[in-house]
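These notes are about the structure you will find just below.
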Protein chains: 2
Amino acid sequence: MLQRITEGDARGTLAIMARQVTSTTLAQAVADHLRMRIHRGDVSPGERLPAERELAEQLGVARISLREAIRQLREDGYVEVRRGASGGTYVTELRRPAEAWRARMREQVGEMDDILDFRIALETETAVLAARRHSESSLVPVREAVDALRDVIGRTAFRQADSRFHVALARAARNERLEEAIEAARGELFSPRDLLPFREPVEETLRDHRAVYDAVRAGDADGAAEAMRAHLERSRQQLRIIVFGAEDDAEWPAS
Amino acid sequence: MLQRITEGDARGTLAIMARQVTSTTLAQAVADHLRMRIHRGDVSPGERLPAERELAEQLGVARISLREAIRQLREDGYVEVRRGASGGTYVTELRRPAEAWRARMREQVGEMDDILDFRIALETETAVLAARRHSESSLVPVREAVDALRDVIGRTAFRQADSRFHVALARAARNERLEEAIEAARGELFSPRDLLPFREPVEETLRDHRAVYDAVRAGDADGAAEAMRAHLERSRQQLRIIVFGAEDDAEWPAS
DNA sequence: CTGGTTGGTGTGGTCTTAGGACCTTTGGTC
DNA sequence: GACCAAAGGTCCTAAGACCACACCAACCAG
């Protein structure tokens, strides 16, 4: 109904050809990529990124492009750079970016829920597919990620175990598009359980993961989907507390 | 955590920092955008794109970038370009790109299923959300898209009505991420029902759409999800026939 | 046959990217 | 203390992407 410019006009011209198309600069793409990896916890606070020359080669970009990306991350407080023999690019404790993320989520009401609804769409179906078509071997990493959560100490370990679980499950579902979309969505969420003042609910998460794992292993697609949905809804509640909850409960870890 | 720089290995360096990061050229982005719109059927065979200067401005790019994109599309057989007063860029009958798409789907076994599983993930949850939070007014376009299918004549009209249904439903679900992802996934699928030799199953699609619509309107989230899943599974069967089925049934439309 | 619309082409300038050479800082080793 | 190696910091050159603008060439309607 919006298709035609006018009925009288003889031409089949489209009225509007849609929103603006943009291309990102390479440096921007690299910055986004690194930021996402930090959000997801692939690199933890205190850890060092590879040396510039090396990292640039790994990412397939020129060093100057990587440097520009690092400059952005440094401005936003994600990394610190030190020179010299044991220098390098180190991930900070992420307080400033975490606080900025929190402020943004508070401002942009609904964005957090949108991301979570998106994750629910992706991950419940991932659980369904994993239940249907997992192989014995593809479940091993999932199991390991569940077990890792049992013995976890500290936030970094918690986040990494959590992340590994979701990634391993996506891999068991054998769909690269789903896997990539899940990783991207998780990158937007800042994996903030361990970065913001909040005592991570290890027990609860462990129960949730185990429930998903058991259903998947049993081939129970509906059960897996429901367990995953329940898990993500609990995550939503936790995030609500983190973003909107009492700030005075703040309890930054000593280390 | 900060101190774990040393621990076995002297440095906390990450071994591999993941896959290569690339940036697309603007022309490439424009070409992808236009190709996707053609795949989705926003522009139909025989229709003319806006004049270069105008389209470039709409897309927010320089004319030369747009021209480069058009050159790509022309090479792939998507458009033909004519000069002169009633010249312009016209969408072809798409036989060559449709055949190329079909060949690719046959070669890359599983890609089609991956895309469809991805769509199922996105669209079943979209149906759930739409059932839960639709407004009266947001259902109007959905209803119109269902009705449009009833009176449809010809492939172009069929495809456009089909496309409008899915987009309208996504909008009723009020989640931009879902909406964009659905549009992108649909763009990959080439909406090939009307471009490849196949008699479109209007009745069946109409029934499916109506079932989804009714469930959404009734607020029946589970029913909407199941109806959508059934609809997409039927689409999968149709696509299987198109891609792998008997080629001799080929029956190209006169127009 | 002429004017306006449309694609086709060329020029000049700025920004991005790549790749490499060389400098500076720093911590550790001899 | 002198020196070395490893890291980031800086600078240069060349190639390509992108843009604005002007002008050319084809075409068709009036």
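Note that the structure is a prediction, hence the values are computed from the model and not measured. Throughout, protein chains are lettered first and strands after them, A, B, ... in sequence-line order, and every chain is numbered starting at 1.
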Would you say A/R67 places a side-chain N or O within less than 4.0 Å of OP1 or OP2 belonging to D/dC11? no
Within this structure, what is the CG-to-C1' distance between A/L59 and C/dA18, rounded to whole angstrom? 15 Å
What is the distance, rounded to the nearest whole Å, between atom CZ of A/R71 and atom P of D/dT10? 12 Å
Output yes when at least one side-chain N/O atom of B/S65 is less than 4.0 Å from OP1 or OP2 of D/dC19, else no. yes
By side chain to side chain donor-acceptor pair (under 3.5 Å) - contacts of B/R171 (at least two apart): B/E179
Answer yes or no: is there an ion pair linking B/R53 with B/E57, defined by an N-O contact shorter than 4.0 Å? no
State which residues pass side-chain contact (heavy atoms from CB on, under 4.5 Å) with B/A62; sequence neighbours excluded, sorted by chain then number. B/I64, B/S65
Check the distance between C/dT9's C1' and B/I64's CD1 and give it to me in whole angstrom. 9 Å
Which letters describe nucleotides 21-30 of chain D, given B = protein heavy atom under 4.0 Å from base, S = only from sugar-phosphate, - = neither? --B-SBBB--
Pair A/E123, A/H166: side-chain N/O donor-acceptor within cut-off below 3.5 Å: yes
Rounded to the nearest Å, what distance is computed from the CD atom of residue A/Q72 to the C1' atom of nucleotide C/dT16? 14 Å
The helix from C/dC1-D/dG30 to C/dC30-D/dG1: angle between its terminal axes, five pairs each, to 10°? 0°
Does atom CD of B/E68 have more than 12 heavy-atom neighbours from other groups under 6.0 Å away? yes
Just checking, any donor-acceptor pair under 3.5 angstrom between side chains of B/S44 and B/Q160? yes
Measure from CD on B/E54 to C1' on C/dG7 and round the result to the nearest Å. 14 Å
Rounded to the Å, how far apart are A/L26 CG and D/dG16 P? 16 Å
Hits for side chain to side chain donor-acceptor pair (under 3.5 Å) against B/D32, two or more places apart or cross-chain, chain-then-number order -> B/Q28, B/R35
Checking A/D113 now: which residues fulfil side chain to side chain donor-acceptor pair (under 3.5 Å) with it, not counting sequence neighbours? A/R236, A/R240
Provide, to the nearest angstrom, the distance between the CD atom belonging to B/E68 and the C1' atom belonging to C/dT9. 15 Å
Is the shortest distance from a Lys or Arg side-chain nitrogen in B/E183 or B/R40 to a carboxylate oxygen in the other one below 4.0 Å? yes
B/E52 CD - D/dA20 C1' separation (whole Å): 15 Å
